[in-house]
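Structure, as structure tokens:
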Amino acid sequence: CGCRGSAGKVHAHCAVQCAAAAQERAGTALGPKAPWQKCATCGLPYTGELKLKLAEEWVRRAMESTDGGPIVLFAARTSLGNALAAGGRLAEAEVVARSNLETATAVYGAEHRFTLGTTHNLGLLLEQNGKAQEAEALFVSLLATQERVLGPEARDTLMVATQVANSALGRGDYAAAEAQYRALLKTQARVVGADDPSTLIVGMNLASALLGAGKYADAEAAFEANLEAKRRRLGPEHVDTLMAQMNLGIVLRERGLYEKAESILDENVEVKARVLGEGHLDTWTARLNLAATLLESRDRLTGDDASEARATAATLASDAREALTRELGASHPFTLGAAMHHGAALRAQGHHARAADVLRAALKEQVAVHGSESHPDCLETAWRLGDLLAEPRTEVSDADAAAALLRATAAHQEELLGGAHPRRSRTLVSLAVALLAMQGDGAVAARDEAVALLERAEAAQRAALGGGHPDVVKT
């Protein structure tokens, strides 16, 4: 449970029997909710497999009993849906949430707080299951209802407003997300307190918006402050604390501080595997970010160290892709992100043809899933594929195809991120490499354009990243 045994330990079977006995003493099928959801030893919520076992038993008893009716079953199934989601069984949790929403609407009415809460839970699951557009539409509608019914500063309303901002973040509208998070942060600090867990989540998401916008120094400072606050308020192994730690590792990687990033992400993987489980989605996400860091840092390694880093990254990415395909399906955005990392790892090992096939397939599916070539996930994969094709003297080298893809990617990035964003500068460098590889009558003009692109990219990179960043040195 929440105390992780520091207040004593109990067998899972005994915890179930304890909750059942409390229910029987109460004389109704519902009984006190607390024994089914909170540990009788320390009073903190159950987690992991025990949370799921208790929820399943509660549902079973509610279905068998004639006491309490649909209200009791709704409460038990809500607990089950939360337990499934916490365990990474998102598809099953979505089915439960949809059923719960129908029940809540019929029993309580469309604008009852239970119905509104169930709608919120469904939106979260839609988002996690890769149905971003459906989730955003649901959250926007729910926010309007809750502002009218509950008030604009009610805790539940603020939670949904956070999800609307998260939708903007997910589709790459970093400026809008940053503005929404900053406004929410002020309101939440005033209404529920600066150290409230929900406020800390908004703070972390604001840092993510800064990261997406290329404001890496600001993002690093925000993540460090958020991580410290979560360690103090929630503890070092809370799932939100671990998410903040992982995000700090990501921004350190973007800043070129590979050794520090690798150390943080390696610890993050170890703790998540122990606390959440080897097969939890958050654990696989952490492994993918560690793989990406190992690949980014390969340029500073030589000999056996470089080979070992590439092999480790390839194993992490391949295993994650396989696991996410099994758990979420081949077309889930998380799975496609893992495929992108796998393609990058294959390239680093010299398997250029296989890497190109993986990246092409991932890009095609990402465009289909997101409905746009300008989604951040699509742009990242397009850059990786273009950079691979631009690399000279490999079996997949194709300067013309690379230049066409990279030009389109740079144009989308300028529209979405701005002309001076580090990711766009990186794409311009790759485009310059493709132009330098061109032959024939246009080679001189291509070379002149390449030099101009490199000069422009270097100036933007120095301003955004600092002169010692590895990307600046490479340019």
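What you see is a predicted model; the values in this text were computed from it and never measured. Reckoned from all heavy atoms, side chains included, excluding hydrogens, waters and symmetry mates.
Gln461 and Ser425 share no donor-acceptor pair across their side chains, judged by distance under 3.5 Å alone. Judged purely by distance below 3.5 Å, without hydrogens or angles, the side chains of Thr187 and Glu153 never pair a donor atom with an acceptor atom. There is a side-chain donor-acceptor pair under 3.5 Å between Gln413 and Thr427.
The shortest side-chain heavy-atom distance between Gln37 and Leu54 does not fall under the 4.5 Å cut-off. Contact of the Val271 side chain with the Arg274 side chain is registered, since non-hydrogen atoms from C-beta on lie closer than 4.5 Å. Using a 4.5 Å heavy-atom threshold, the side chains of Arg155 and Val192 count as touching. Looking at heavy atoms from C-beta onward, Val269 lies out of side-chain contact with Leu265 at the 4.5 angstrom threshold. Counting only heavy atoms from C-beta outward, the side chains of Asp282 and Met246 never approach each other to under 4.5 Å. Counting heavy atoms from C-beta outward, Glu327 and His280 have side chains that stay 4.5 Å or more apart. Two residues are said to be in side-chain contact when any heavy atoms from C-beta on lie closer than 4.5 Å; Leu52 and Leu84 meet this criterion. Pro236 places none of its side-chain heavy atoms less than 4.5 Å from the side chain of Gln245.
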Might you work through the side chain to side chain contact (heavy atoms under 4.5 Å, CB included) test for Ile250 and Asn247, ending with a clear yes or no? CA-CA 5 Å; Ile250 292 172; Asn247 286 335; 3.9 Å; yes
Under the criterion side chain to side chain contact (heavy atoms under 4.5 Å, CB included), I'd like the reasoning laid out for Leu288 against Leu324: C-alpha separation, chi angles, the key distance, then a yes or no. CA-CA 11 Å; Leu288 283 172; Leu324 293 176; 4.2 Å; yes
Would you please test Glu254 and Arg423 for side chain to side chain contact (heavy atoms under 4.5 Å, CB included) and show each step? CA-CA 10 Å; Glu254 295 297 327; Arg423 292 191 180 277; 3.3 Å; yes
Take Arg347 and Arg384 through the side chain to side chain contact (heavy atoms under 4.5 Å, CB included) test and state the conclusion after the steps. CA-CA 10 Å; Arg347 178 190 179 181; Arg384 290 185 182 277; over 6 Å; no
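The backbone N or O of Glu308 sits less than 3.5 Å from a side-chain atom of Thr312, completing a donor-acceptor pair. With Ser374 contributing its side chain and His412 its backbone, the two residues share no donor-acceptor pair below 3.5 Å. No side-chain donor-acceptor contact under 3.5 Å links Ser318 to the backbone of Ala314. A donor-acceptor contact shorter than 3.5 Å links the side chain of Gln146 to the backbone of Asp156. The main-chain N or O of Ala464 is never found under 3.5 Å from a side-chain atom of His421 such that the two would form a donor-acceptor pair. Not one N or O on the side chain of His375 forms a donor-acceptor pair closer than 3.5 Å with the backbone of Gly172. In this structure a side-chain-to-backbone donor-acceptor pair under 3.5 Å is missing from Thr199 to Asp195. A donor-acceptor pair is defined here as one N or O able to donate and one able to accept, closer than 3.5 Å; such a pair exists between the side chain of Arg253 and the backbone of Asn289. Thr241 contributes no side-chain N or O that, together with a main-chain N or O of Glu237, makes up a donor-acceptor pair within less than 3.5 Å. Side-chain N or O atoms of Thr325 include one that pairs as donor or acceptor with a backbone N or O of Arg321 at under 3.5 Å.
For Glu270, the CD atom is densely surrounded, since the number of other residues' heavy atoms within 6.0 Å is greater than 12. For Gln349, the CD atom counts as densely surrounded, since its 6.0 Å shell holds more than 12 non-hydrogen atoms of other residues, nucleotides or ligands.
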Please tabulate, for side-chain N and O atoms in residues 121-131, each donor-acceptor pair with protein atoms closer than 3.5 Å (sequence neighbours left out).
residue	atom	partner	partner atom	Å
Glu127	OE1	Gln163	NE2	3.2
Asn129	ND2	Leu90	O	3.3
Asn129	ND2	Glu94	OE1	2.8
Asn129	ND2	Leu125	O	3.2
Lys131	NZ	Glu94	OE1	3.3
Lys131	NZ	Glu94	OE2	2.9

Side-chain donor-acceptor pairs of residues 206-223 under 3.5 Å, sequence neighbours excluded:
residue	atom	partner	partner atom	Å
Ser208	OG	Met204	O	3.3
Lys215	NZ	Glu178	OE1	3.0
Glu220	OE1	Arg255	NH1	2.5

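In this structure, Thr162 and Tyr181 approach most closely via the heavy-atom pair O-CE2, 4.2 Å. Gly277 approaches Thr283 most closely through the heavy-atom pair O-OG1, 2.8 Å. The two residues Pro376 and Leu416 make their nearest non-hydrogen contact at CG-CD2, 4.1 Å. Heavy-atom minimum distance, Ser198 versus Gln188: OG-NE2, 3.1 Å. The two residues Thr157 and Pro152 come nearest to each other via the heavy atoms CG2-O, 3.7 Å. For the residue pair Ala356 and Val396, the shortest heavy atom distance occurs at CB-CG1, 4.1 Å.
With values rounded to the nearest 0.5 angstrom, Glu365 atom CD is found 10.5 Å from Cys378 atom SG. Atom NE2 in His342 sits 8.5 Å away from atom NE2 in His351 (nearest 0.5 Å). Atom CG in Leu200 sits 10.0 Å away from atom NE2 in His238 (nearest 0.5 Å). Here the NZ atom belonging to Lys272 is positioned 6.0 Å from the CG atom belonging to Leu242, to the nearest 0.5 angstrom. Here the CZ-OG1 distance, from Arg424 to Thr409, works out to 11.0 Å after rounding to the nearest 0.5 Å. One distance of note links CG of Leu385 with CG of Leu363; it measures 6.5 Å at 0.5 Å rounding.
For Glu278, the side chain to side chain donor-acceptor pair (under 3.5 Å) criterion is met by Arg287, not counting sequence neighbours.
Salt-bridge check for Glu414 with Arg456: failed, with every basic side-chain N at 4.0 Å or more from each acidic carboxylate O. With respect to Asp387 and Arg426, no salt bridge is recorded, no charged nitrogen being found less than 4.0 Å from a carboxylate O.
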